[in-house]
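Residue numbers count from 1 along this sequence. Note that the structure is predicted; figures quoted are calculated from it, not measured.
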Amino acid sequence: MPLSRRTLLTTLPASALLAVAAPLRARAAARPTTTGTADPGANPGADPGANHAALLANTVAIFAGTAESNARPETAAKLAALTSTARTRLAALDGAGPGELFKGLPLGTSDANLNTSYQYLYEIALATRAPGPAPSDLRDNADVRRRVIDALARLHDTYYGDQSKGYYGNWFNWEIGISASVSKTLVLLEEELAAYRPGLTATYLASMDAYLRNGKDGDVDLDSRFHTGANLADITTNRILQGAVTGDDARVVKAVADQLTVYATVDPYNPRHGVTDGFYADGSFIQHDSVAYTGSYGKVLLTRAVQTVKILDGTDYINTADLVAVVRGWVADGFAPLVFEGWMMEIVKGRGVSRTATGYTDVAVVVEAVVDLSGHTTGPDATALKGYVKFVRQTSKAALDPVVFVSPVSVARYADILADTSVPAADLGDAASHTAFNAMDRTVHRRPGYAFALARSSNRISKYEYMSGENLMPWFQGDGAHHLYLTGQDQTLAFGIDYYTTVSPYRLPGVTAPVETRRTVPELYGTAWYDNPERGFTSSSESQNTYVYFPRGTNTLSGGARLGTYGAVGLVLGDDAAYAAKQAGELPDDFVAYRNAAATKSWFMFDDEIVVLAAGVGDPAGRAVTTTLDSRIAAASDTVTVTGRLRDGSDWPGADGGGGTAPGPVDWLRYADAGQGVSVGYVFLDAGGDRGGVPRPAVTLDTVTRSRRVVRTSNPDTPVTKRVFSLSVDQPAGARRLSTAHALVPNATERQLAAYERYGRYGRGPLTVLANTTRVQAVEHRGLSILAANTFTPGTHHAGRLTVDGAASVLVRTSRDGTVSLAVSDPTTERGTVSLTLRGRWLRAVATDDGVRVRRVLGGTRIDVDTHQAHGHSLTARLR
């Protein structure tokens with residue numbers, strides 16, 4: 001298939017980087033540990049001493065700033081924050097009690113406290129190295145630096161150095177977290193350490209190597225499931241700094257070569273070292289093998305990648321321009337579609353959705369990376385990146401405070417971008433777009449005025465992520481749950497931590513769930529994980545990952561097609577891997593697994609509407625089932641109204657803001673929050689399919705108060721009160737399967753919704769449901785001349801003029817001049833060929849992607865599409 005320009009930007013530089021890795025490995029093998037002396041035999045012209053000096057200077061500049069950057073008035077607040085933090089840490093150091101290095105952080109059994117103690121020492125050391133125009137008693141203070149060094153020695157002697165006592169709790173703290181703080185501290189205090197405790201650096205390096213227990217011989221193991229993606233970038237960055245501070249060029253060179261593997265676009269059909277973590281050709285990012293994670297681990301990787309560019313600047317290890325090209329592609333294709341008016345969408349944050357600092361805070365990290373990246377590009381690329389920084393600043397409802405940036409240099413560069421009048425504010429994508437992140441079972445549909453984000457799951461992608469007491473009630477977050485973001489709204493008032501705190505986990509919008517009460521992992525087992533070492537369940541075991549932390553689904557069908565700015569997505573609900581394994585007798589008797597309800601669903605995304613079809617909705621076990629069409633939150637003081645019209649012409653009885661079940665079939669409803677100035681319309685369509693007619697939806701509008709701790713054990717016990725609106729279709733226990741069909745209309749007015757009602761009664765409406773069964777779901781949008789269909793089973797399926805063989809997702813659009821454009825995707829990712837027929841006059845091919853064949857058949861046009869190893873990618877054709 002032909003590669004788009006955006007795909008080429010991602011894959012070709014990555015290939016170039018991998019080509020560099022081989023000679024780097026040879027260079028590392030040929031150069032044993034050095035002390036900064038050049039070794040021309042290993043790499044003629046290379047000067048390790050100069051390289052290491054550049055690495056150290058660059059690293060100090062990143063974290064402490066430079067004399068030039070810190071003299072800028074814009075960095076004063078950042079420097080003040082560094083100093084204030086260091087003083088707070090020193091006070092805690094002075095107030096420590098027995099068994100503590102810092103007050104309030106008892107050591108000996110808590111790996112988290114040990115990790116934090118090392119972080120605090122780094123923060124003190126940082127303040128001694130930050131240049132600046134304002135006087136500071138911490139800057140260049142030898143006594144303070146030696147206090148830090150003495151504390152490092154004490155921690156090593158008492159709590160860290162003994163390998164037989166260490167490595168309890170979370171592996172991440174021992175292999176990554178502690179090493180990150182220690183490595184940066186060693187760089188910051190390099191000269192003082194050499195003069196005061198010259199052996200301590202080597203002692204720490206030996207221990208840090210020994211704690212790489214998921215590595216190989218104290219180094220990275222590219223075949224380890226722990227050394228992948230963002231984790232690998234963290235580990236290798238640590239090792240680059242360690243090599244620089246000790247003059248060990250072999251360590252630096254190998255760490256650079258190892259890190260380069262992170263930047264290669266993942267080929268799911270030929271994964272290098274068996275690793276599926278990383279960025280994919282469609283912009284998806286996966287971590288933990290199956291978690292859609294751009295908004296958490298993805299932004300960590302973005303930060304590390306840009307820092308690597310800055311750390312390696314001026315050295316001869318690699319051409320950083322290749323690395324910049326790859327990361328620029330990540331920003332444009334992977335991050336920008338997921339950022340809405342300065343807010344990172346929830347569908348790619350895993351357990352991070354339960355944290356109190358999320359959303360706008362997440363995007364601040366992305367902005368700093370883009371700011372720094374722009375400084376390493378030129379021409380149109382630099383202009384685009386700088387324009388994006390301005391665009392986020394202008395559209396975000398939260399004022400971005402650059403004090404949260406890691407680097408004072410970034411703060412100064414950010415100020416320069418905002419002051420540059422030659423750069424216009426501009427998004428990196430179009431205001432109207434459709435992004436099919438099929439590699440991670442996510443979809444984002446954007447229009448001026450709103451963004452619709454959909455989370456799916458399959459046997460490839462996890463239903464959710466729970467871990468470490470975070471995201472305690474995640475069960476349905478990947479079962480077709482959606483977020484509808486509306487322009488101009490402060491998203492902290494619509495989503496984020498308070499949304500997950502007050503909205504029932506069984507009533508996430510778009511979800512079909514059995515009516516039952518599930519228990520969280522701590523409630524079930526008394527710990528943050530299922531502990532059963534004899535059966536392979538430890539805190540970081542593969543079994544824990546597979547069945548507790550991030551279980552995949554059992555369904556194979558999840559995906560959809562994209563045609564320009566329009567999209568179709570299909571999903572067949574499945575149980576998670578734990579339930580399937582429990583039914584097969586593969587899990588212990590005390591392991592608890594829950595069964596899902598059943599449904600086949602489609603989302604068809606147009607300009608003004610998102611049409612949602614569901615068929616076969618019910619429960620094989622006979623339980624009551626709730627299908628939630630939408631749930632939204634508002635402030636307790638906001639005026640929220642629900643208005644609408646029934647099919648008999650009467651008004652919705654809850655127009656005064658109350659709820660209840662509709663007394664008859666409904667034409668449309670409208671939710672409006674006057675306090676936030678937002679509204680959403682719901683147009684009910686003839687469902688057809690397994691059980692025809694229009695269901696009678698139920699509306700609830702409750703005032704809910706819950707503690708933020710209900711979703712994360714470490715959250716503060718802060719009560720949150722919200723008005724919670726929910727629109728659902730409820731089925732009693734033992735009910736027949738049913739079908740539903742409705743359209744979400746963002747920012748709808750009553751007049752706009754009434755127009756659907758008038759057209760619908762006479763069959764002239766823009767939307768028609770052509771089919772809605774568990775075999776095929778299809779709609780036609782007359783206003784756009786689009787026919788969209790998802791098929792779910794083997795065999796031949798019909799929808800309007802379209803015939804499809806087997807499971808597929810198809811979009812067909814006819815232009816005014818008779819040209820027909822179509823897009824086809826395999827939502828199972830398992831089919832070799834998808835075939836379809838357009839009935840009517842024969843159409844010849846004007847343009848097709850590679851692998852698309854068009855021929856004339858009796859009564860129409862046959863299109864055969866090679867979907868072998870396309871991984872859900874849409875293939876397109878234009879016919880006339």
Is the terminal nitrogen or CZ of Arg447 (NZ for Lys, CZ for Arg) located under 6.0 angstrom from the six-membered ring centre of Tyr485 and within 45° of that ring's axis?
no
Would you say that [X] contacts [Y] through its side chain, given a criterion of any heavy-atom pair below 4.5 Å between the two side chains?
X: Met344; Y: Val365; answer: no
X: Glu830; Y: Asn459; answer: yes
X: Asn532; Y: Phe591; answer: no
X: Arg623; Y: Val515; answer: no
X: Ser296; Y: Arg351; answer: no
X: Glu609; Y: Phe604; answer: no
X: Pro514; Y: Tyr506; answer: no
X: Thr773; Y: Phe792; answer: no

Salt bridge check, Asp441 against Arg552: does any charged N sit closer than 4.0 Å to a carboxylate O?
no
Do the charged groups of Asp362 and Lys299 touch, with an N to O distance under 4.0 Å?
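Yes.
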Can you tell me if [X] uses its side chain to pair, donor with acceptor, with the backbone of [Y] under 3.5 Å?
X: Asp490; Y: Lys397; value: no
X: Arg831; Y: Ala807; value: yes
X: Asp673; Y: Val640; value: no
X: Ser825; Y: Gly560; value: yes
X: Tyr466; Y: Ala528; value: yes
X: Arg670; Y: Ser679; value: no
X: Asn438; Y: His873; value: no
X: Arg460; Y: Thr556; value: yes
X: Thr554; Y: Asp575; value: yes
X: Thr829; Y: His871; value: no

Minimum heavy-atom distance [X]-[Y], with the two atoms named:
X: Pro697; Y: Trp652; answer: O-CH2, 4.3 Å
X: Arg225; Y: Ser540; answer: NH2-O, 2.7 Å
X: His797; Y: Gly806; answer: CD2-O, 3.5 Å
X: Gln287; Y: Ala230; answer: OE1-N, 3.1 Å
X: Ser726; Y: Ser631; answer: OG-OG, 3.4 Å
X: Arg562; Y: His434; answer: CD-O, 2.7 Å

Under 3.5 Å, is there a donor-acceptor pair between the Ser558 and Arg456 side chains?
yes
Going by side chain to side chain contact (heavy atoms under 4.5 Å, CB included), Val617 matches just one of Thr627, Val729, Thr774, Thr600. Which one?
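Of all the options given, the one that passes is Thr627.
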For Lys722, the option from Asp638, Thr703, Asp498, Thr501 that meets side chain to side chain contact (heavy atoms under 4.5 Å, CB included)
Asp498
Is there a ring pair (Phe, Tyr, Trp, His ring centres under 6.0 Å) between Tyr547 and Tyr530 once you walk through the steps?
CA-CA 9 Å; Tyr547 300 120; Tyr530 173 65; 9.9 Å; no
Salt bridge (Lys or Arg N to Asp or Glu O under 4.0 Å) partner of Glu470, chosen from Arg708, Arg709, Arg355
Arg355
Would you please test Gln477 and Leu508 for side-chain contact (heavy atoms from CB on, under 4.5 Å) and show each step?
CA-CA 7 Å; Gln477 290 171 1; Leu508 297 178; 3.7 Å; yes
Drop me the distance from [X]'s [atom1] to [Y]'s [atom2], to the nearest 0.5 angstrom.
X: Met440; Y: Phe437; atom1: CE; atom2: CZ; result: 4.5 Å
X: Glu465; Y: Tyr297; atom1: CD; atom2: OH; result: 7.0 Å
X: Leu571; Y: Ser457; atom1: CG; atom2: OG; result: 6.0 Å
X: Asp630; Y: Arg507; atom1: CG; atom2: CZ; result: 12.0 Å
X: Leu486; Y: Glu341; atom1: CG; atom2: CD; result: 9.5 Å
X: Tyr525; Y: Asp590; atom1: OH; atom2: CG; result: 7.0 Å

Hey, mind stepping through Tyr682 and Leu744 against side-chain contact (heavy atoms from CB on, under 4.5 Å) and telling me if it holds?
CA-CA 5 Å; Tyr682 311 92; Leu744 289 166; 3.4 Å; yes
Would you sort out whether Ser462 and Ser290 count as a side chain to side chain donor-acceptor pair (under 3.5 Å), showing the intermediate values?
CA-CA 5 Å; Ser462 300; Ser290 60; 2.6 Å; yes
The test is side-chain contact (heavy atoms from CB on, under 4.5 Å); show your working for Phe684 and Thr740 and say whether it passes.
CA-CA 8 Å; Phe684 294 89; Thr740 65; over 6 Å; no
Ring centres of His288 and Tyr549 under 6.0 Å apart?
no
Quick one: sort the Trp475 and Tyr594 rings into parallel, tilted or perpendicular, breaks at 30° and 60°.
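Rings of Trp475 and Tyr594: perpendicular, as their planes differ by over 60°.
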Indicate the ring-plane relationship of Trp343 and Tyr360, choosing parallel, tilted or perpendicular according to the 30° and 60° boundaries.
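Geometry flag for Tyr360 against Trp343: perpendicular rings.
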When you look at Asp289 and Asn545, which way does the side chain to side chain donor-acceptor pair (under 3.5 Å) test go after all the steps?
CA-CA 10 Å; Asp289 202 41; Asn545 292 353; over 6 Å; no
Before giving the answer on side-chain contact (heavy atoms from CB on, under 4.5 Å), spell out for Ser354 and Leu472 the whole-Å C-alpha distance, their side-chain angles and the decisive distance to 0.1 Å.
CA-CA 8 Å; Ser354 66; Leu472 290 166; over 6 Å; no
Begin with the C-alpha distance, continue with both residues' side-chain angles, and end with the deciding distance and a verdict on ring pair (Phe, Tyr, Trp, His ring centres under 6.0 Å) for Tyr293 and Phe285.
CA-CA 6 Å; Tyr293 231 166; Phe285 176 80; 7.6 Å; no
